[in-house]
Structure formats: structure tokens, C-alpha cells
Amino acid sequence: MNDLSVIILAKNEQATIVNAVSSALLISRDVVVVDSGSIDETRDLAEAAGARVLQINWPGFGQARNTGAAFALHDAVFCLDADEVVTPELARAVNECSLQPGLVYGFRRRNFLGNKEIRFGEWGHDHVYRMYNKTRASWNHDLVHENIVITNGQRKKIAGSLLHYTTAGLKEYGIKLDRYARLSAEKYYRSGKKTSFFKLIFSPAFNFVRNYLFRLGFLDGKPGLDIALLHAGYTRKKYAYLRKLREDLPAS
């Protein structure tokens, strides 16, 4: 096992935190749960499972991960979410990895709707980069879809996968996507990005065709259709929210 710390973001994750921490212990002796104000049993369950708990006020995803990394015992860091599980195959790949400081490591993420794995469409083409050396890389401060930024380094994929228990149901996922659409619109607004009638109408349609047809989402049956429709709606909403921001708060 490498000298590696695992950082897990959590808030009110009592249903999943024990599985996340238990899987993290396959690759690390230093598991840090960064808790942003849980009012359930998350903190107690995480400590009982073998993690250290750091309590913070929520600063955003990227900064929360950076705060956890600063608290970690080791320079090599693996970031995990509370609804994710490290598979034994990924654990072997991580434990055998040389963990070069100039590399950011990525792997496949397998996504589940309830207990059903979604193998195609948007969810079936998911790779994430989560392992890095904190002396050479850190997370940016984007409001949503944050990324690791590395200085003079490269990205490398390794074997294995994370299991991501994305959502218990489509209603909850729709609510989550709406929140992400608002955050994406705010991110676009701050960067000066503009929208257009073309993007508002045709981008959602293209998103649906890509995920449902080109990425074979239809092979997942009705859940594949529902997820493709939700992501098309997310695309439409983020541009609609951006348009409203620009109308209500015009750039000076």
C-alpha cells in the first residue's frame, strides 16, 4: 500500500459513508472525511468506520477538496465522493502504482440508477481523474464540474473503476441537475460567456441525439431514455438560466 491519503466529501451521507470509507481503506491508512455540516449520523459512522473527520463550512467542491488535501497526512491524494466505492480491481491498480508526482491518474466510473448499472449514454462514458500529488496539482474553484489543475504534468489512465451510486431515483436526479444547471449558468456568466437562440434550441436536441442514439443510450431501456431526456433538459436549462442572468444583471 502506498503512502496515500483519501479525501471524501460528505454532507448527510449516512446511507453511503460506511461503504465509501471501507472501500477507501483498501488503498489508504489515512482516510479523511470532509464534512460540511451533516445533521445526521455521517460523522459518527465515518469515525467508527476508520476515518478522520474534518468539519468545514462549505466553500464549493474544488476548494473543499483542496482543504481536505491540506489536512491529509500524505502528498499523494485520492479524492472520493461519499456515494462512490473503490472496486478491488481499482484498489490493486492504485496499490501497484508508482504515484509519480508529475502525473494525474484517472480511471473509469460505473454509474448506477438505484441498483441498476447504466452502461450506455451519458453515464456509460464516464472517466474521472482523482489521484494526484498535492505539491504539483490542486482543484480549481469552478462552481460546478471542477477539475484538477497540474503544473508541468500529464494525465494517465489506470485499470479498475469506481462504482458511483448516482441517485436512488430519477426525481432526485432531476433536482440535482437543476441545481447544476443554475451553477453552470453562474459559472458561464462570470466568465463572460453568452448564449443564443441556436444554443437554447439546438444544443439540447444534439445532446439528446448524442446520448440516446450515438452513445447507444437506448440499449439501457426506459432508464436510458429518461436519463437522455434529463440531460437534454439540463442543457436547455443552463442556457435559459444564463440568458436570464444576463437580462437581470447585465455586464457593466
Side-chain angles (χ1 to χ4, degrees), residues 1-10 13 16-34 49 51 61-62 64-66 68-69 72 74-113 115-140 142 144-167 173 180 211 215-217 220 227 231:
M1 187 176 290
N2 285 303
D3 290 333
L4 173 74
S5 294
V6 176
I7 310 301
I8 304 175
L9 300 187
E13 301 284 1
T16 60
I17 192 63
V18 171
N19 285 340
V21 171
S22 297
S23 75
L25 290 170
L26 296 175
I27 60 175
S28 174
R29 298 180 184 87
D30 180 43
V31 178
V32 178
V33 171
V34 180
F61 287 98
R65 296 189 198 277
N66 290 336
H74 304 296
D75 289 340
V77 172
F78 185 110
C79 286
L80 189 68
D81 288 340
D83 57 0
E84 295 173 338
V85 171
V86 177
T87 61
E89 183 186 11
L90 178 57
R92 285 194 298 271
V94 170
N95 291 333
E96 293 171 359
C97 189
S98 61
L99 298 184
Q100 298 177 44
L103 292 178
V104 173
Y105 297 89
F107 27 81
R108 184 184 173 205
R109 183 167 66 169
R110 295 162 54 193
N111 296 288
F112 291 77
L113 175 61
N115 291 321
K116 175 181 172 58
E117 182 174 0
I118 304 300
R119 299 178 181 276
F120 302 96
E122 177 83 15
W123 290 12
H125 292 75
D126 196 7
H127 287 81
V128 292
Y129 286 86
R130 296 283 190 79
M131 189 165 63
Y132 61 98
N133 189 295
K134 67 183 182 184
T135 67
R136 296 282 300 275
S138 62
W139 293 85
N140 63 22
D142 286 355
V144 66
H145 305 314
E146 70 282 2
N147 290 298
I148 297 173
V149 179
I150 184 168
T151 303
N152 297 324
Q154 298 179 336
R155 294 174 182 260
K156 178 181 179 180
K157 290 182 181 178
I158 60 176
S161 57
L162 287 179
L163 304 184
H164 182 207
Y165 294 94
T166 311
T167 182
Y173 190 59
Y180 281 3
N211 287 318
R215 290 182 169 178
L216 307 179
D220 284 311
I227 292 168
H231 276 274

With F78 as reference, evaluate Y129, Y132, F107 under the ring-ring contact (aromatic ring centres under 6.0 Å, His included) test and give the passing residue.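 It is F107; the other options fail the test.
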
Minimum heavy-atom separation for [X] and [Y], please, with both atom names.
X	Y	result
W139	C79	NE1-SG, 3.5 Å
A64	V34	O-CG1, 4.2 Å
A69	K134	O-NZ, 2.7 Å
T87	S161	OG1-O, 2.7 Å
A82	T16	O-OG1, 2.8 Å
A24	I8	CB-CD1, 4.3 Å

Excluding sequence neighbours, so at least two apart, what forms side-chain contact (heavy atoms from CB on, under 4.5 Å) with N111?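 Testing N111 for side-chain contact (heavy atoms from CB on, under 4.5 Å), a comparison that skips the adjacent residues, returns R109, W123, D126, H164, T166.
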
Who passes side-chain contact (heavy atoms from CB on, under 4.5 Å) against S138, sequence neighbours left out?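 Residues passing side-chain contact (heavy atoms from CB on, under 4.5 Å) with S138: N66.
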
Side chains of [X] and [Y], heavy atoms from C-beta outward: is any pair under 4.5 Å?
X	Y	value
L99	Y105	yes
V85	Y165	yes
R130	D81	yes
R136	N152	yes
Q154	K156	no
I158	L90	yes
N2	I27	no

To the closest 0.5 Å, what do you measure between [atom1] ([X]) and [atom2] ([Y])?
X	Y	atom1	atom2	answer
L103	I150	CG	CD1	6.5 Å
N133	H74	CG	NE2	12.0 Å
H125	N211	NE2	CG	8.5 Å
I7	L80	CD1	CG	10.0 Å
E13	N19	CD	CG	12.0 Å
T167	D83	OG1	CG	9.0 Å

Can we say R215 and D220 salt-bridge, meaning some charged N sits less than 4.0 Å from an Asp/Glu carboxylate O? no

Any donor-acceptor pair under 3.5 Å from [X] side chain to [Y] backbone:
X	Y	value
S28	L25	no
K157	H127	no
D142	F61	no
S23	V86	yes

Does the gap between the ring centers of H231 and Y173 come in under 6.0 Å?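 Ring centres of Y173 and H231 closer than 6.0 Å.
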
